[in-house]
*Asks:* 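Encoded as structure tokens, here's the structure I'll be asking about.
Every chain is numbered from 1 and lettered A, B, ... according to where its sequence line falls, protein lines coming before strand lines. Quick caveat: nothing in here was measured; it's all calculated off a predicted structure.
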Number of protein chains: 2
Amino acid sequence: MTVNESQLRDFTQNIFLAMGCSHEHATLAADVLLKSDLRGIDSHGVARLSGYVRLWEKKRINASPDIKIVHETATTATIDGDAGLGLVVAPFAMQVAIDKAAQYGSGWVSVRNSNHFGIAGYHAMMAVEQDMIGFAMTNASPLVAPTFSNERLLGTNPMCYAFPAGKYPPVIVDMATSAAANGKLEIAQRSGKPVPEGWVQDADGKYTTDPHALKSGGSLLPLGSDREHGSHKGFGLSATVDILSGVLSGAGFGPWVPPFVAFLEPPVNPPGQGIGHFLGAMRVDGFRPVEGFKKDMDTWIERFKCASTIDESQKVIIPGEPELEAEADRRINGIPLVDAVVKDLNELAAKFGIAGL
Amino acid sequence: MTVNESQLRDFTQNIFLAMGCSHEHATLAADVLLKSDLRGIDSHGVARLSGYVRLWEKKRINASPDIKIVHETATTATIDGDAGLGLVVAPFAMQVAIDKAAQYGSGWVSVRNSNHFGIAGYHAMMAVEQDMIGFAMTNASPLVAPTFSNERLLGTNPMCYAFPAGKYPPVIVDMATSAAANGKLEIAQRSGKPVPEGWVQDADGKYTTDPHALKSGGSLLPLGSDREHGSHKGFGLSATVDILSGVLSGAGFGPWVPPFVAFLEPPVNPPGQGIGHFLGAMRVDGFRPVEGFKKDMDTWIERFKCASTIDESQKVIIPGEPELEAEADRRINGIPLVDAVVKDLNELAAKFGIAGL
């Protein structure tokens, strides 16, 4: 089924309103989810809506949070998300970072007591619109084992860096710090196909191609897959995200990050509150005039776009380019939804007594 | 041959003095190189000294640079390194970042017209000593091909994140964004042993285990090694380092970063000047009181140190731990140097008429 953007947006907003979100929050949360669906990142869009509702039903998501700054300097702040949707807490925090950057050149915000924030790229791109460089990261419930371990201690902990360009679209590096994002594993689970070696290990720490290995005590592997190919670097990046998002803010970290799914209970006696994020913005003109930077970014992009290729049918991809192409297509042709997601959304609609898709 | 730390330090300082560095610069540059040798990162220590001298002889390194801030806001700055040793330009820049952070919470400095800066960890750790979180990255001469390309367009572009802890040593994530650092390839070249698949490709873009493949048009692979295992993420990280260090500062970037070695000529008509770095510092107490952060860092470290292991003889390694162990050992037992390096250093000593090792 393919759904028109504005229809899906209205539907999503209505679900958030039915949860008790304010109009402003419902609009924003729907915008974050729709941005993901438009950009082709189906795992982080409306497919997650029912998950948010179930966490709200368990009172683990607060639909009317009092999001506030609890500690700050001129260019840094810690925000307590009051257990709100990460979809509204993270843009609030990014706006604080942007406001500080507008005044002092840069702004950095660590967030605790939040929930899943959707795609990191949404938040980082808020900075790009202001001719700033944007940073966004979040920790996440544990699925990834550090190098040499078979224990799930880290989330797929994404990091995003976003840079404005001139005549070309911005460069958006938005990546899980695991070898494969969990969404890719979920696709393999649905199709029943084996996954490549190097994505997952079983409970004993042996490589497996079973996409269901996580259900039997397995774990995802850090970017690099094994020590010889640099998995300690993926572990280091994931640790960096965990420390900046979790330890620095006073959120949960490591194995104490609460699960995204309502059927798993949060850890007992966690050292911090909820999920943590880290967001930042730096004014380009804090370093050099914007025009010169954008001109050089265009040179950078052009040089990499015309790189010599191994297979002439496959050119080098500028980070952010595929998502932009998906967005251009889906704005016109609509957003494809798999049957399971449509069923899920229509069940939500029935529960809240609103019109289905 | 094993050399005592202070003997090697004096020797190194004397070489820099003989090049015409000021006493202050010679002391600092020697400290950066010795830190690398002490920490067991032999590829970035005194083994590079003759390379710096050869670049100085070609007038590509300026021994008495006028390092200055050319653009700034309260918390951002761009520095022109005046073609100085990166070993002195980067600590200057990091001190600017630290001073800004002391006043405003955070400080960020992009550097152009510099040279090889040694280990990223040295600079990031300067922040840790002030109870700040340190960031350090640099672009480098092109050896790495982007995903789908067989063209060397990026350096091994390292990034370092450094976090203070309490009773434990700081967590230092210091990593090349390629699957393998060039130093590891050099070790294989000297021993003549094949390298693992996934480190290097040949001129046609095919995996090779030949450690000499770079000499015949091959290239290093980004972290992740191939698309299926996330090499586009390694490419994205490397691009991030290149943009923050090169494009943002007005340094060379991509294929226009000048080579570290004197026998290769710098590119003609580069879009910027020299090598670029990016350094940053954030006060921990800009986010939360230092004591609470350090206590939680200790909890983080303890939890990861006692992670369940796949092979009980190999525990999880906290980032920065092996380097610290090497430092403790080498401070007492001296720094081992391979014969080729000793010969190289003694030739330098003869050239400058100073005492050899």
*Asks:* Relative to chain A, which segment of B:Lys295 carries a heavy atom at a distance below 4.5 Å: side chain, backbone, both, or neither?
*Replies:* neither
*Asks:* Are side-chain heavy atoms of B:Thr240 and A:Met159 found at a separation under 4.5 Å?
*Replies:*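 They are not in contact (no side-chain heavy atoms under 4.5 Å apart), so the answer is no.
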*Asks:* Would you mind telling me which of A:Met297, A:Met175, A:Lys233, A:Gln314 has the largest number of heavy-atom pairs within less than 4.5 Å of chain B?
*Replies:*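 With the most close heavy-atom pairs to chain B, the winner is A:Lys233.
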*Asks:* Please look at B:Tyr161 and chain A and tell me whether the side chain, the backbone, both or neither of the residue comes under 4.5 angstrom of a heavy atom of that chain.
*Replies:*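 Side chain only.
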*Asks:* Pick one of side chain, backbone, both or neither for B:Ala307, based on which atoms fall under 4.5 Å of a heavy atom in chain A.
*Replies:*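 Answer is both: backbone and side chain atoms of B:Ala307 are under 4.5 Å from chain A.
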*Asks:* Quick one: what part of A:Phe253 sits under 4.5 Å from any heavy atom of chain B, side chain, backbone, both or neither?
*Replies:*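 Only the side chain of A:Phe253 comes within 4.5 Å of chain B.
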*Asks:* When you compare the side chain of B:Ile243 with that of A:Ile133, does any pair of heavy atoms fall below 4.5 Å?
*Replies:*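 In short, these two side chains do not touch, never coming nearer than 4.5 Å.
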*Asks:* So that I can tick it off, tell me whether A:Glu151 and B:Arg303 are bridged by a salt bridge, with the cut-off set at under 4.0 angstrom between side-chain N and carboxylate O.
*Replies:* yes
*Asks:* Side chain, backbone, both or neither: which part of B:Glu197 has a heavy atom under 4.5 Å from chain A?
*Replies:*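 Answer is backbone: N, CA, C or O of B:Glu197 sit under 4.5 Å from chain A.
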*Asks:* As a quick check of understanding, evaluate side chain to side chain contact (heavy atoms under 4.5 Å, CB included) for B:Leu244 and A:Phe163, giving each step before the final call.
*Replies:* CA-CA 9 Å; B:Leu244 290 173; A:Phe163 303 96; 3.7 Å; yes
*Asks:* Checking B:Asp204 against chain A: side chain, backbone, both or neither under 4.5 Å from a heavy atom?
*Replies:*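 The backbone, not the side chain.
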*Asks:* Under a 4.5 Å cut-off applied to non-hydrogen side-chain atoms, are B:Val247 and A:Phe293 in contact?
*Replies:*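 B:Val247 reaches A:Phe293 side chain to side chain.
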*Asks:* Among A:Ser231, A:Ala74, A:Ser249, which residue has the highest count of heavy-atom pairs closer than 4.5 Å to chain B?
*Replies:*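 Between A:Ser231, A:Ala74, A:Ser249, the count favours A:Ala74.
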*Asks:* Given the rule in the side chain to side chain contact (heavy atoms under 4.5 Å, CB included) test, do B:Phe287 and A:Glu72 qualify, once you have shown the distances and angles that lead to the verdict?
*Replies:* CA-CA 6 Å; B:Phe287 297 92; A:Glu72 71 179 317; over 6 Å; no
*Asks:* Taking side chain as everything from C-beta outward and backbone as N, CA, C, O, which of these in B:Ala176 sits under 4.5 Å from a heavy atom of chain A? Side chain, backbone, both or neither.
*Replies:*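 The answer is both parts of B:Ala176.
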*Asks:* When you look at A:Ile317 and B:Phe235, which way does the side chain to side chain contact (heavy atoms under 4.5 Å, CB included) test go after all the steps?
*Replies:* CA-CA 10 Å; A:Ile317 295 170; B:Phe235 167 40; 5.9 Å; no
*Asks:* Determine the option with the most heavy-atom pairs under 4.5 angstrom with chain B, choosing from A:Val171, A:Thr78, A:Thr75, A:Asp285.
*Replies:* A:Thr75
*Asks:* Quick check on B:Pro289 against chain A: is it the side chain, the backbone, both or neither that has a heavy atom closer than 4.5 Å?
*Replies:* both
